[in-house]
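Inspection log for the structure reproduced underneath, given as structure tokens.
So you know, we letter chains A, B, ... as the sequences are listed, proteins then strands, and number each from 1. The figures here come from the full heavy-atom set of this structure, side chains too, leaving out hydrogens, waters and symmetry mates.
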Amino acid sequence: MSVELDVFVGNTTIMDEEVYQLWLDGYTVNDAVKVRMEGGVMDECEASKDVLLSDTMDQYRTFQMCERLLHSPAKLANQLLFQIPPHRQIMLIERYYAFDDTFVREVLGKKLSKGTKKDLDDISAKTSVTLKSCRRQFDNFKRVFKVVEELKGPLVENIRQHFLLSDKLARDYAAIVFFANNRFETGKRKLQYLSFQDFAFCAGQLISNWTVGAVDNMVEDMDEHAFQTLPSLRGKTKVFIEMEGSFKNLSRGLINIAAKLTNTKDVRDFFIDLVEKFIEPCRSDRWSAADMKLYLTHYTNSAHILDTFKHQVVWDRYMGVVKSCIFKMYHD
Amino acid sequence: MPGKLKAKIVAGRHLPVMDRASDLTDAFVEVKFGNTTFKTDVCPKSLNPQWNSEWFKFEVDDEDLQDEPLQITVLDHDTYSANDAIGKVYIDIDPLLYSEAASVISGWFPIYDTIHGIRGEINVIVKVELFNDLNRFRQSSCGVKFFCTTCIPQCYRATLVHGFVEELVVNEDPEYQWIDRIRTPRASNEARQRLISLMSGELQRKIGLKVLEMGGNAVVGYLQCFDLEGESGLVVRAIGTACTLDKLSSGSAPNTNTHMHPNTAPASNACNSPSKDGKEPVFVEDLPSSSGPPTPFRALPTSSSPPPFSPSKPCSRQSSSSDTDLSLTPKTEEPHSVRCRPGIFLCPSSPILSTDTLSLPGSGSVGCGRGSNPRATTSAPLSSIQSDSALLRKSVSFTEDLLLAASGMGSGGSAGKEAGPLRTLLRQQTQTALEQREFPFFTLTSFPPGFLLHVGGVVSARSVKLLDRIHNPDEPETRDAWWEEIRQEIKSHARALGCHAVVGYSESTSICEEVCILSASGTAAILNPRYMREGCLDIGCTDHRFEEPSPPNCGFCHIPYDELNMPFPAQLTYCYHCRRQKVPDVLFTTIDLPSEAAVAGKGCLIQARLCRLKKKAQGEANATAISNLLPFMEYELHTQLMNKLKLRSMNALFGLHIQISVGENMLLGLASATGVYLTALPAPGGIQIAGKTPGDLSSEHISSIQKRINDTIAVNKELYQINPPELAEEGVGSPIPEPRHRSRLFRSHSESSDELSELDLSHGKKDAFVLEIDDTDAVEDIHSLLIDAPPPTGFYSCNTENMPGISNWTSGVQMFTSVRVLRLSNANLTNQGLNKIFTDLCENLLKSFYFKLRSMIPCCLCHLNFTVAVPEEELIQVTVTAVAMTYDKEQTQEKTAEKPINKGSLEAEEQLQFPLELCADSSSSNIQTASKISGVGESTNMSPRVSSLERCSPLQEGRSRSLRSSRSFGGSSVTVVKMTPLSFLPGTRIIKYLGIINMFFIRETTSLREEGGVSGFLHSFIAEVFAMVRAHVAALGGNAVVSYSMKECVFMENPNKNQAQCLINVSGDAVICISETDQESSASTANTGQTGGSETDGAT
């Protein structure tokens, strides 16, 4: 005796947020049932394991059918197959596009290619995020990337409109897309201490200040013109390096980073450079965050004193971003 | 050329990719109606094409308009090969054919393919220009409204209830034609879908014609079913109740007392008596002045003298043509307001005069119909067939009396409608009138207060038939004759119960291979005796009963049959409410609980489940085997129901539905009903356990079981809050003089009646039911009795329209469908084992529902409709459709009298009365009769109306206020469409019925595994069906479907071939509803959070 077929379909699609999360997290039906049982759902309605299994199966099927629609969230609102209240739709989308910080930290800056997808099982093992969930997250990144790649206009806004995401999530996706596109190096051991949120913040800074027409035109490439002027700084700032050796090194480091930004290939090393050339020396000198702040502020402003310095605007633009990135990154 | 159909294809969206190379589609659309086809341009390389086509115009007969669906096919253009079909949309344009429903169909429809399911959507606009056809010989019946709802629809008032209409149409099933061997599954499925769509259209049209002939303008309680008879063909049949409905205009206050001639109602409402005169509704206003043929069915109350019939005068029954003229005089001030204290006129079928109407069970070749009198629980236990037939034989004479009596009042002829000029027409009408008189059946399950006078009990009949090929589809005589036979039997059963009508009537079939079980059931009842006095007298009812008005909250419980000449042994007591008349100890009915009934506590779903193995056999042997099993199954089911009812300490069942399903090697029986404690009926006794012989089984064992049962009863009493008002022993309610029979129940396998008398049952409670334990089977049965888990806290369940004891619904509504199929892998199962499996299956389903819907607590599962089937050997399929509705826990203690508030139907407030009108003799039309009618009627009819008005007056005010409110719906991208199997949506009022939804879909797959197995396949199919229903309703401008039901869900699979096929038929009424706005209802439905226009407050 076995249940051959068992379905339950509501006119308003019934979805349990807890089960949805388990599905998103890549649990198998049986594992999900176990988790739910431990969660004490059984006591709620005198349910038995069979009831729980049947319910979980139903919901998993529903989610699988919905998944196609979630790939283009705008469809969810005007499809006819499922009658889902608007607030539920928002929840479904938001959760579907949510990701694990640990997972995204691993793929940040990597090319969203098939090759990377093949390595997902390693990442899954490393981050203890299930492979299924890894794949969903990876595919989400790729999908968002593909859609906004061809779009003009502000990156964050594009993502928010096309995927109906919350502002926060749209910003995170913008960061991921930005990293993937510029292939920033984030995997080095020295950068391991940085979280995704650190990078996302920096990416936000970079996007809004260093991309051409940051507001009205998303451009993956850095504003090359602006940075080409920076090498000329090199000679001039040197004059003012009269402090201790460390200061000299730090200053030179920052200038060199700026100079390297003209070369797309070197841009990838922006974060590693920041860490190696600036953060690590400071840390070894046991600077406090406040010291750092003081230093960078004065350092930025000192350029203005120079009469010969012709690139005030560019300098401010550069230092503004570098400063806020370093503040964010300067922690253990 | 009576109609012009116009269609415009606007756009498509979410189309599938048909060209792999470009990931795009070159779509175009074919629009087909009848034999005419139009095409749009190709919209190249787009998944969201904008066609914006011209208006495609079809000039067609209205007959075709009724029969044919508009067929829209979306295709992918291919330069080099054949164009690929993306999918189809069938649009039933019937709702556009009557003025009160939708005026345009416009919206997004899912593009459906029988192999791939929904593939994108298409935006279509459809309009119909209908020209009036003055041809009286027309075959169309445009303008007749259809309602699935089994009560008088909200926002309508019934001025006449004509009675039973039925029709069936047969055809060959395309699936079984030779051509099916060479065509693709898609072509085959589409042929089938189209054929069924055509057949339902034709059926509806034919029923409409019958209604027009009867002088009605609507069918309420329309029930259409398919019989997939396989090789022998396809039968589509329908039954319904013909009515004349008047729309209540929302502007008029319903509780004013002005009585108007119905003909003065707005023209749109006035298609009251169209076809008789061969005139279109629009001409109705001319009627009074015209000297043309009269409207015989119309008996018209005046403002001062509403009831037209004098009960003492038999001839008054025969409504005469002069009525029309007469009724013209009492026109009151406002000519266009709707008459508000309506009289509902009923043309009951008067009994036919033949004497051989009684078909005894066992008669007929293979057929073994068995009528069961469930109320006769105390009746002959085992030898049910013999005793039953004996019983019935006894009632033959009885019924003959009735027939004689009836002949006096029937006196028929078929009314003045024979005024039609042509003989053919005349004959036709006479025939239908005869037919109608033959079956005083009503498919309605709830009635306006005062209509239902007495309820006799459930009457049912079954018959087993061998299917043969239908040779001549145009004359489906055999099928007609089969049903005729069954209906006759039902009618005779009703007569045996002293009743002249059957209400809550329904018909069903179960088919396996070439064997078919036809079933019909209903509730025998007496309707409005005031107008049936002679009939009742002659039947033998004591006259005094009808002298005084029966109290509304217990009257329907009073026995309709003669105490001294009871059709079966039953226990009678004086009514616990009025103490004047006799009531039975239990009452089984197929109708909904009347809103005025006094109940204690809450109701609950009670189910009896049964499996019986049967040997595999062929042909006649098989049919005989089945018919031999049927009586035993019915008996067992009734026993189970009775036990479970007692166990819950209740004394009445409503909405009883017994389904017996036949499979190759087993029969399944499932009886569902809603148990309730009627305070008018005596308190149920307990259940007593007795050993076969004392000391046979250990007495401890017995006493432990006894204790468990007693505990369960106590627990249930508390659970369902059954605290009937204690009755003082003194007073009128002295126990009846006659000695009480002790009710007894015996296991069917413990026959010998000798044992009965030996049992000492004197200890224990009075009226105790006795369960005798004589073997282990019996013990198991008792165990299984106790398995039925009560619903978890916060849940209640019922299978009726309204939940006894709960009235304060809040806005939460969740309709659902669930299907479960169980494979029995054990080859050698016993009946007991099977029973257990089947019971567990049903119980687990219920548990699943409770769990899934736990977020809605406190909530009630209403209209739980279980359907069982045996699709293959070793497979049991259970399909359930129900609605979960939230209610406000705080107010559950409210008096049951306030229930109608949430029932929300206008019928309650309207205080409709159904004066019975018999088909008048064509010759006996004179003014004097009519004047007498109205004169005398006044006095006799006053009391019930007054009493019922008092009861509901606050409600009326509330309703009239809300009637004025109107609200437009905001436009989100997809309209939310609510669906419910009930006739109402809590917290809302239906302001418009847009037409009937009747859809049939086939889905097939050849990649079952890829679609998620059978569950995945069916899950998406059901979701798709819901989506298509919602889309059609939204396109009609509606926002809800009421009285929704899934009539058919046939699932077939072949996992080895990776294939599956499923057929689903759904129906319902598309409506526009608005949220309740008046304070009263918002108070009763607190938490709804719905607000309406604030101008309503100002208006009062």
Side-chain angles (χ1 to χ4, degrees), chain A residues 1-19 29 33 36-37 41-69 71-72 74-86 88-89 164, chain B residues 13-14 108-110 118 121 789 792 794-795 813-826 837 841 844 847-855 857 875 877 883-884 972-974 976-980 1012-1016 1018-1020 1022-1024 1026-1028 1030-1031 1034 1044 1051 1053:
Chain A
M1 191 196 74
S2 59
V3 175
E4 181 95 357
L5 183 160
D6 178 18
V7 297
F8 177 102
V9 190
N11 181 36
T12 305
T13 309
I14 294 185
M15 293 171 172
D16 186 323
E17 291 189 30
E18 188 203 344
V19 185
V29 172
V33 169
R36 294 183 81 186
M37 278 164 75
V41 147
M42 298 246 279
D43 310 331
E44 272 183 45
C45 243
E46 302 158 30
S48 66
K49 196 184 166 187
D50 290 341
V51 168
L52 216 55
L53 182 70
S54 142
D55 178 57
T56 313
M57 297 265 271
D58 265 322
Q59 305 231 23
Y60 266 52
R61 269 198 307 272
T62 309
F63 299 141
Q64 268 152 24
M65 282 188 260
C66 273
E67 192 166 17
R68 191 173 52 82
L69 298 164
H71 289 168
S72 44
K75 268 190 193 169
L76 197 64
N78 62 13
Q79 52 84 32
L80 303 176
L81 188 55
F82 298 102
Q83 185 157 282
I84 307 169
R88 286 253 144 176
Q89 291 183 12
L164 310 174
Chain B
R13 68 182 181 195
H14 309 162
W108 289 99
F109 291 89
I118 289 178
E121 288 132 33
F795 273 108
V813 171
Q814 171 68 276
M815 189 281 295
F816 60 86
T817 290
S818 183
V819 183
R820 216 171 257 200
V821 176
L822 207 64
R823 184 174 287 281
L824 311 162
S825 44
N826 266 354
I837 289 169
L841 176 60
N844 288 337
K847 279 183 197 158
S848 268
F849 302 156
Y850 296 138
F851 180 74
K852 274 178 187 296
L853 300 161
R854 63 194 185 284
S855 64
I857 288 178
L875 286 187
Q877 178 188 327
V883 63
S972 79
S973 55
V974 177
V976 173
V977 176
K978 289 191 173 184
M979 288 162 80
T980 176
V1014 284
S1015 295
L1018 193 61
H1019 192 139
S1020 53
I1022 294 175
E1024 282 167 353
F1026 285 180
M1028 286 184 278
R1030 287 193 303 256
Y1044 167 85
F1051 179 77
E1053 56 163 335

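- Within the 4.5 angstrom heavy-atom criterion, atoms from both the backbone and the side chain of B:Leu822 approach chain A.
- Distance NE2/B:His14 to CG/A:Leu69: 8.5 Å, rounded to 0.5 Å.
- Listed options B:Ala1031, B:Ser1015, B:Ser1020 were ranked by heavy-atom pairs under 4.5 angstrom with chain A; first place goes to B:Ser1015.
- Heavy atoms closer than 4.5 Å to chain B are found in both the backbone and the side chain of A:Asp55.
- Looking at B:Arg823, its side chain never comes within 3.5 Å of a backbone N or O of A:Leu5 through a donor-acceptor pair.
- Note that CG of A:Asn11 and OH of B:Tyr1044 are 8.5 Å apart. Values are rounded to the nearest 0.5 Å.
- Of the listed residues (A:Gln59, A:Gln64, A:Met57, A:Gln79), the one with the most heavy-atom contacts under 4.5 Å to chain B is A:Gln79.
- For B:Val977, the parts lying near chain A are the backbone and the side chain together; criterion is any non-hydrogen pair under 4.5 Å.
- If you measure heavy-atom distances from B:Leu853 to chain A, the contacts under 4.5 Å come from the side chain alone.
- Top candidate by heavy-atom pairs under 4.5 Å with chain B, chosen from A:Leu52, A:Ile14, A:Asp6, is A:Asp6.
- Contact of B:Glu1024 with chain A is made through backbone and side chain together, with heavy-atom distances under 4.5 Å.
- Contact of B:Glu1053 with chain A is made through the side chain alone, with heavy-atom distances under 4.5 Å.
- Nearest heavy-atom pair across A:Asn78 and B:Glu121 is O-OE1, 3.5 Å.
- Scanning for side-chain contact (heavy atoms from CB on, under 4.5 Å) contacts around A:Asp58 gives A:Val7, A:Phe8, A:Ser54, A:Arg61, B:Lys852, B:His1019, with sequence neighbours left out.
- For A:Thr12 (side chain) and B:Gln814 (main-chain N/O), no donor-acceptor pair under 3.5 Å exists by modelled atom type.
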If you apply the rule side chain to side chain contact (heavy atoms under 4.5 Å, CB included), what do you find for A:Asp50 with B:Lys847, and how did you get there?
CA-CA 10 Å; A:Asp50 290 341; B:Lys847 279 183 197 158; over 6 Å; no
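- Put simply, of B:Asn844, B:Ile837, B:Thr980, the one with the most heavy-atom pairs under 4.5 Å next to chain A is B:Ile837.
- Both the backbone and the side chain of B:Ala1023 come within less than 4.5 Å of a heavy atom of chain A.
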May I have the step-by-step check of side chain to side chain contact (heavy atoms under 4.5 Å, CB included) for A:Leu80 and B:Arg1030, ending in yes or no?
CA-CA 8 Å; A:Leu80 303 176; B:Arg1030 287 193 303 256; 5.8 Å; no
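- When heavy atoms are compared at a cutoff of 4.5 Å, A:Thr62 approaches chain B by way of both its backbone and its side chain.
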